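Only one structure is covered here, and it is reproduced in the block below.
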Amino acid sequence: MQPLVIMKDVKKQFPGVTALDGISFDIMPGEVHVLLGENGAGKSTLMKILSGVHKPTDGQIIIGGSEFTALTPKDSRSCGISVIYQELSVINELSIQENLFVGNLPVKNIGPMKIVDYKKMREATQMLLGKVGLRKDPETAVEELSISEKQQVEIAKALAADSRILIMDEPTTSLTSSEVSHLFAVIRELKKEGHGIVFISHKLGEIMEIGDRVTVLKDGRYVGTKKISDVTQDDLVTMMVGRQISKNYQHPSADYSDAPVIFEVRNLSRKDGKVKNVSFKLRRGEILGFSGLVGSGRSEMMNSIFGAEPKACGEILIDGKEVRTSAPFYSIKSGLAMVTENRRETGFFHNFSIKKNISVLPFIKQSSFAGITGLVSDKNEDIWADEQKKNLNIKCYSTEQGITELSGGNQQKVILGKWLAADSQIIIFDEPTKGIDVGSKGEIYALMRRLADEGKGILVVSSELPELLAVCDTIAVFREGEIVAVFPHKEATEEKIIAASTAEKGEGNRP
Amino acid sequence: MNANNKIGNSTFAFKTAWQRYGTLGILILLLTILAALKPGYFFQPSTVTQILSQSSVNILIALGEFFAILIAGIDLSVGSVTALSGMVTAKLMVAGIAPLPAVILGILLGAILGFINGILVNGTGLHPFIITLGTQAIFRGITLIISDSSAIFGFPASFTTFMAKRFIYIPVSAFIALVAALVLAFLTNKTKLGRNIYALGGNKESAWYSGINVKLHTLIVFIISGICAGIAGAVLLGRVGSAEPAAATGFETYAIAAAIIGGTSFFGGKGKIFGVVMGGLIIGVINFGMNLLSVSSTLQQVVMGALIIGSVTLDRFVAGNK
Ligand SMILES: Nc1ncnc2c1ncn2[C@@H]1O[C@H](COP(=O)(O)OP(=O)(O)OP(=O)(O)O)[C@@H](O)[C@H]1O
Ligand SMILES: [Mg+2]
């Protein structure tokens with residue numbers, strides 16, 4: 001069988017970094033080819049060369065017999081390549097069918113005039129939606145869809161454009177586990193029809209489940225290509241990091257029940273009913289996790305604690321004293337920090353360098369009147385940025401680099417660094433390891449533990465149960481705006497937590 | 001591979017140089033063209049005076065407009081604010097109030113008008129385009145009412161002679177614009193307030209989560225814009241010698257153009273005071289040049305419009321940022 005795409009000895013040089021140093025890669029029809037590597041290894045860059053976003057410095061691309069030294073986005077599309085980015089590119093204001101056929105509307109002739117053939121568009125849309133398993137009317141506005149449904153629209157759009165090659169760059173980071181299985185079912189269908197799929201993910205379990213072959217990159221260099229059936233997860237990790245990693249994070253088995261309470265939430269409710277009369281305590285040294293299904297109200301609760309969204313009533317106490325949290329400014333001043341869930345929307349400043357992104361928080365915290373008084377100090381900025389770069393192992397050649405030049409995982413690390421630089425007493429982490437590679441995850445868990453040991457309060461929201469089980473001393477389960485169960489680390493299992501988040505009355509201790 | 005690298009790096013270096021000094025390059029290019037076309041007229045000290053005094057008002061207004069654009073907004077009322085605060089300053093002076101307090105009150109009025117813009121933007125949540133389109137008409141209307149639609153003149157001699165002064169061919173108005181630019185450059189580069197405004201322009205949601213008071217900063221931005229227009233109003237009085245009810249009509253276009261030519265991003269969060277000053281000077285030179293070449297005033301409008309589009313396109317093309 002002929003490969004759909006062959007990339008030969010591709011190099012890509014950015015000012016200051018060699019992102020790709022002679023990578024060869026191919027895609028066969030009917031296979032899922034996984035790209036794996038640490039944050040900044042060059043996965044997204046390699047795919048951006050295929051989609052025409054970046055020009056390679058050197059190398060060759062062969063698609064269906066024709067040779068290219070570089071592709072334009074137009075070449076890429078006409079060669080049947082579509083990319084499903086993590087930041088979805090659907091147009092919210094349009095309907096599903098318009099999104100699928102934008103730029104390529106089916107037309108019919110009425111006399112000398114061409115008009116849009118809505119009937120044909122509707123039928124074609126229905127057929128494509130059937131393929132991706134999205135049961136929605138073609139005229140539904142895309143803004144009414146969930147993230148995973150938008151992703152389905154994106155896949156349907158690729159099919160509408162007659163794409164043979166689908167590139168999915170971390171498609172599962174924002175999906176729930178049932179949405180992931182749904183996506184996998186669609187991918188299996190596409191395979192049967194002979195599409196070639198590139199799948200990028202940091203979740204090894206997913207890779208083992210859906211992949212046929214895997215190519216591993218490290219620091220822009222090619223490590224190797226293997227059949228998934230021939231490797232174990234441990235083999236993959238060894239290939240990725242170039243050595244065997246011992247599990248560098250061990251869960252301590254301490255008992256915190258006598259430790260002093262450093263943070264407390266009392267009777268927190270929201271007007272919209274998404275949080276109902278929630279109370280909990282956090283003890284010194286303890287890491288408290290929150291589990292629950294999407295929409296159970298965890299993030300809403302954190303937003304209200306932090307003052308980013310209004311609360312109807314409730315008290316927030318640090319070290320036994322009530323603190324003002326009516327807006328993020330006051331919360332930050334009182335010693336709270338919150339790593340938000342969506343780095344693009346609420347996390348970073350695309351127009352700032354790494355350094356400036358990190359220093360926003362400490363500058364605000366130091367300033368007295370509404371965060372506007374005072375001068376920016378270059379010296380402090382450098383100290384903060386260098387400290388976080390070291391702390392989180394951010395991969396960049398200078399902290400003056402624009403944050404958008406970083407790989408996805410390193411951007412996430414900058415966001416973590418921004419909040420850590422504020423040196424807050426209580427830190428809320430909402431999905432802290434989105435897009436972060438396996439090795440760095442362990443380092444971040446170890447960092448959280450170190451902070452907790454130093455006496456900082458750590459709260460973690462995560463939809464990845466293994467993550468909560470790995471870091472938390474206590475896991476609270478959220479359902480319909482309430483804490484329905486609380487499990488200490490030694491009693492917690494995935495089964496019990498899932499049961500509690502779905503069942504009417506979960507097992508486990510009532511809070 | 002090595003050769004490729006070199007090419008890659010040198011184009012990169014060129015791009016950064018262009019981003020930093022490109023506007024300066026355009027300015028020098030324009031001056032060279034003018035000098036070549038009309039050497040006799042061009043090489044005169046009064047040329048400097050004329051270009052600077054024509055540019056100062058526009059630069060002052062553009063400095064304020066820059067902040068409104070920096071937060072991904074816009075201020076269409078700057079021309080009307082210039083006219084209204086100039087008119088009030090003129091009335092005060094004619095009524096016998098000393099020039100300095102009259103000018104200060106005029107600038108204060110500019111600040112208040114900016115404050116009103118800010119309050120309306122924050123209160124309604126509407127885009128600044130809509131709010132300032134409205135206040136543009138309102139402020140202009142008030143100018144017409146208080147002036148009874150006629151020009152005011154007869155300012156104290158101390159005011160007119162001071163404004164007509166020049167030091168080594170550099171007019172007072174240029175010094176005023178320079179001081180304003182320096183103060184605002186300090187604000188943008190060295191203060192937390194400035195940093196926060198850039199942050200807000202880059203991502204409003206992130207700014208809010210990072211503890212930046214979005215409404216307060218929006219308000220401050222419109223006040224800055226109002227103050228700059230207020231200062232421009234006084235400078236314009238000095239240059240024209242009278243307060244016209246239709247003064248500064250359409251000046252918002254030039255102010256926006258100066259900011260954009262100077263590299264300010266319309267999407268917010270990017271831009272520099274230095275660029276705005278360069279943008280203002282470029283427009284000043286174009287205006288001066290067309291007068292020198294006796295281009296008819298109607299045609300001047302067409303040329304100016306084309307040059308605005310042309311220079312921004314050139315910038316995008318060279319810098320390669322789509
Ligand atoms: N536009 C750019 N300018 C400069 N450097 C860049 C640019 N884009 C990527 N890089 C650099 O290229 C390298 C590879 O980045 P890439 O985004 O491909 O990594 P990745 O493997 O996708 O990582 P992640 O798992 O974190 O998404 C990184 O060192 C990154 O900083
Ligand atoms: Mg990536």
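So you know, we letter chains A, B, ... as the sequences are listed, proteins then strands, and number each from 1. If you're wondering where the values come from, they're calculated on a predicted model, not measured in any experiment.
Residues A/Lys418 and B/Ser210 have side chains in contact (heavy-atom distance under 4.5 Å, counting atoms from C-beta outward). With contacts defined as side-chain heavy-atom distances shorter than 4.5 Å, the pair B/Asn196/A/Phe363 does not qualify. Looking at heavy atoms from C-beta onward, B/Tyr209 lies in side-chain contact with A/Thr340 at the 4.5 angstrom threshold.
To the nearest 0.5 angstrom, B/Lys190 atom NZ is 9.0 Å from A/Leu375 atom CG. To the nearest 0.5 Å, atom CZ of residue A/Phe349 and atom CG of residue B/Asn203 are 6.0 Å apart. With rounding to the nearest 0.5 angstrom, the CD1 atom of B/Ile212 is 11.5 Å from the CD1 atom of A/Ile372.
Panel note: side chain A/Asn351, backbone B/Gly269; a donor-acceptor pair is recorded below 3.5 Å. A distance-only check finds no donor-acceptor pair linking the side chain of B/Trp208 to the backbone of A/Pro328 [under 3.5 Å].
Proximity to chain B (any heavy atom under 4.5 Å) is restricted, for A/Asn303, to the side chain, taken from C-beta onward. Residue B/Leu187: no heavy atom, backbone or side chain, is found under 4.5 Å from chain A. In this structure, chain B has no heavy atom under 4.5 Å from any part of A/Asn342. Residue contact with chain B, scored on non-hydrogen atoms closer than 4.5 Å, is absent for A/Ser331.
The 12-atom threshold is exceeded at CZ of B/Phe175, counting heavy atoms of other residues, nucleotides or ligands nearer than 6.0 Å. Heavy-atom neighbours of A/Lys456 NZ from other residues, nucleotides or ligands within 6.0 Å: above the threshold of 12.
In terms of non-hydrogen atom pairs under 4.5 Å with chain B, the most contact-rich of A/Ala422, A/Gly374, A/Gly371 is A/Gly374.
Ring planes of A/Phe352 and B/Tyr198: tilted class, angle from 30 to 60°.
Nearest heavy-atom pair across B/Ser206 and A/Phe348 is OG-O, 3.0 Å.
Proximity to chain A among residues 109-133 of chain B is not found for any residue, judged by heavy-atom separations below 4.5 angstrom.
Residue pairs satisfying the salt bridge (charged side-chain N to carboxylate O under 4.0 Å, His left out) criterion with at least one member in residues 191-204 of chain B, sequence neighbours excluded, are listed as follows: A/Glu381-B/Arg195.
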